[in-house]
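All of these numbers come straight from a predicted model, not from anything done at the bench. Position 1 is the first residue of the sequence; numbering continues from there.
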Amino acid sequence: MPQYRSKRREVNLPPITQDDVFFLLEPLVGLPLLLKHSELSSEIAELLGQYSWHSGDSLEELFRQIESSLFNSVYGFTNGKMVVKDEQGHQHKIYTDSLSQMAELLLDPLFERFPRCERTFTLFNDYALRHLSLPAIKRIFTDYPNLVEPMNRAIFERILIENFAKETYEDWLMATEERA
């Protein structure tokens, strides 16, 4: 179990499990695919578990590994068709940009486990600006509202408005505006 020290407290955090990944992927790729190919959840949970905040591993590299794993797995499981079925039997096409969004979504539970410190803020800030990462922007706004400079706040709000559905950010963004 990873152990992080922050200025606030020492925290023992549980690892990200196959079930955690399964829960996040199920609405995106469908229950039938995940039940038939549980190795996808297992592989991604392993990738997330291998990331080391302390050693300065690259978030971009982790993102690429997850995105590649998703593409290769879904491509292989669907015989190159990239079409999955939901529980009701409806078919859904998985597009490349959807895989990128899935990879970002899978980073969120990892980001939640990072220690709350200035180094993490800087890591999220840099990653969010380079990658338009909703989970990283969320962590910046919810965990570091006092460190976000007004100009950067405006940039991040613009990124959110221009790139993401309002329902994906409005609750936590409004809550942080009230605290700021």
Side-chain angles (χ1 to χ4, degrees), residues 1-17 20-21 23-25 27-29 44-71 94-180:
M1 189 177 304
Q3 191 174 61
Y4 300 119
R5 293 180 188 266
S6 73
K7 290 182 181 177
R8 289 193 296 176
R9 66 190 190 290
E10 189 172 287
V11 182
N12 286 318
L13 299 170
I16 297 168
T17 66
D20 296 330
V21 173
F23 176 76
L24 290 170
L25 283 177
L28 305 170
V29 298
I44 292 173
E46 186 176 328
L47 286 171
L48 291 167
Q50 291 172 353
Y51 180 85
S52 174
W53 179 88
H54 295 290
S55 68
D57 288 351
S58 165
L59 287 175
E60 285 85 0
E61 180 59 28
L62 177 61
F63 170 83
R64 281 191 293 277
Q65 289 174 347
I66 292 170
E67 185 181 43
S68 177
S69 178
L70 286 168
F71 175 81
I94 303 286
Y95 295 97
T96 305
D97 63 334
S98 298
L99 293 170
S100 295
Q101 292 170 2
M102 286 181 215
E104 281 294 335
L105 178 66
L106 290 163
L107 290 174
D108 195 37
L110 178 68
F111 289 175
E112 289 176 1
R113 288 165 166 78
F114 280 22
R116 307 301 187 256
C117 62
E118 196 167 330
R119 179 176 167 215
T120 303
F121 168 77
T122 302
L123 181 71
F124 288 158
N125 194 66
D126 293 347
Y127 182 74
L129 288 171
R130 285 192 310 274
H131 227 268
L132 302 181
S133 171
L134 182 63
I137 295 171
K138 178 182 178 182
R139 297 273 57 95
I140 290 167
F141 276 69
T142 58
D143 296 341
Y144 308 98
N146 298 330
L147 293 180
V148 182
E149 301 205 9
M151 186 172 73
N152 282 1
R153 183 178 186 84
I155 290 169
F156 284 131
E157 287 176 353
R158 191 73 171 163
I159 288 170
L160 292 170
I161 291 166
E162 292 178 359
N163 294 284
F164 301 100
K166 189 175 184 177
E167 62 271 8
T168 62
Y169 63 82
E170 70 181 338
D171 290 342
W172 54 262
L173 183 61
M174 287 174 40
T176 60
E177 286 174 349
E178 293 169 4
R179 290 189 340 213

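Atom-to-atom distance recorded for T96:OG1 and E67:CD is 8.0 Å, nearest 0.5 angstrom. Distance check, rounded to the nearest 0.5 Å: CD1 of I159 to CD1 of I155 gives 7.0 Å. For the atom pair R64 CZ and S58 OG, the distance stands at 5.5 Å (nearest 0.5 Å). Interatomic distance, OG of S133 versus CG of D126, reported as 12.0 Å (0.5 Å rounding).
A heavy-atom distance below 4.5 Å is not found between the side chains of K138 and F111. Using a 4.5 Å heavy-atom threshold, the side chains of L105 and P135 count as separate. Between L147 and I140, every side-chain heavy-atom pair lies at or beyond the 4.5 Å cut-off. A 4.5 Å side-chain heavy-atom check between L160 and L134 finds at least one atom pair inside the cut-off. Within the 4.5 Å cutoff, the side chain of L48 has heavy atoms near those of the L107 side chain. A heavy-atom distance below 4.5 Å is found between the side chains of V29 and M102. No side-chain heavy atom of L28 sits under 4.5 Å from any side-chain heavy atom of S98. I16 has its side chain out of reach of I44: every pair of non-hydrogen atoms, C-beta onward, lies at least 4.5 Å apart.
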Item to check | Criterion side chain to side chain contact (heavy atoms under 4.5 Å, CB included) on H131 and E104, from CA distance to verdict | outcome: CA-CA 9 Å; H131 227 268; E104 281 294 335; 2.8 Å; yes

Next on the checklist: Using side-chain hydrogen bond (donor to acceptor under 3.5 Å, both in side chains), reason through T17 and D20 one step at a time and then give a plain yes or no.
Outcome noted: CA-CA 5 Å; T17 66; D20 296 330; 3.2 Å; yes

Next on the checklist: Set out, in order, the CA-CA distance, both residues' side-chain angles and the distance that settles side chain to side chain contact (heavy atoms under 4.5 Å, CB included) for L173 and E157, then state yes or no.
Outcome noted: CA-CA 9 Å; L173 183 61; E157 287 176 353; 4.1 Å; yes

Checklist entry - Would R139 and D108 satisfy side chain to side chain contact (heavy atoms under 4.5 Å, CB included), going step by step from the backbone distance to the final call? => result CA-CA 9 Å; R139 297 273 57 95; D108 195 37; 3.7 Å; yes

Item to check | Verdict with supporting geometry, L70 and I94, side chain to side chain contact (heavy atoms under 4.5 Å, CB included) | outcome: CA-CA 10 Å; L70 286 168; I94 303 286; over 6 Å; no

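Under the 3.5 Å distance criterion, the side-chain polar atoms of T120 are matched with a main-chain donor or acceptor of P115.
When all heavy atoms of L47 and Q65 are compared, the pair lying nearest together is CD2-OE1, 3.6 Å. F71 and L99 get closest at one heavy-atom pair: CD1-CD1, 3.6 Å. For the pair A103 and F63, the tightest heavy-atom approach, listed with the atom from each and the gap, is CB-CE1, 3.5 Å. L24 and P27 get closest at one heavy-atom pair: O-CD, 3.5 Å.
Around the CD atom of E149, the shell of radius 6.0 Å holds no more than 12 heavy atoms that belong to other residues, nucleotides or ligands.
Side-chain contact, N125 with T122: no donor N or O sits under 3.5 Å from an acceptor N or O.
A ring-ring contact (aromatic ring centres under 6.0 Å, His included) with F114 is found for one member of Y51, F121, Y144, Y127 and no other, namely Y51.
Taking Y169 as the reference, nothing meets the ring pair (Phe, Tyr, Trp, His ring centres under 6.0 Å) condition, with sequence neighbours excluded.
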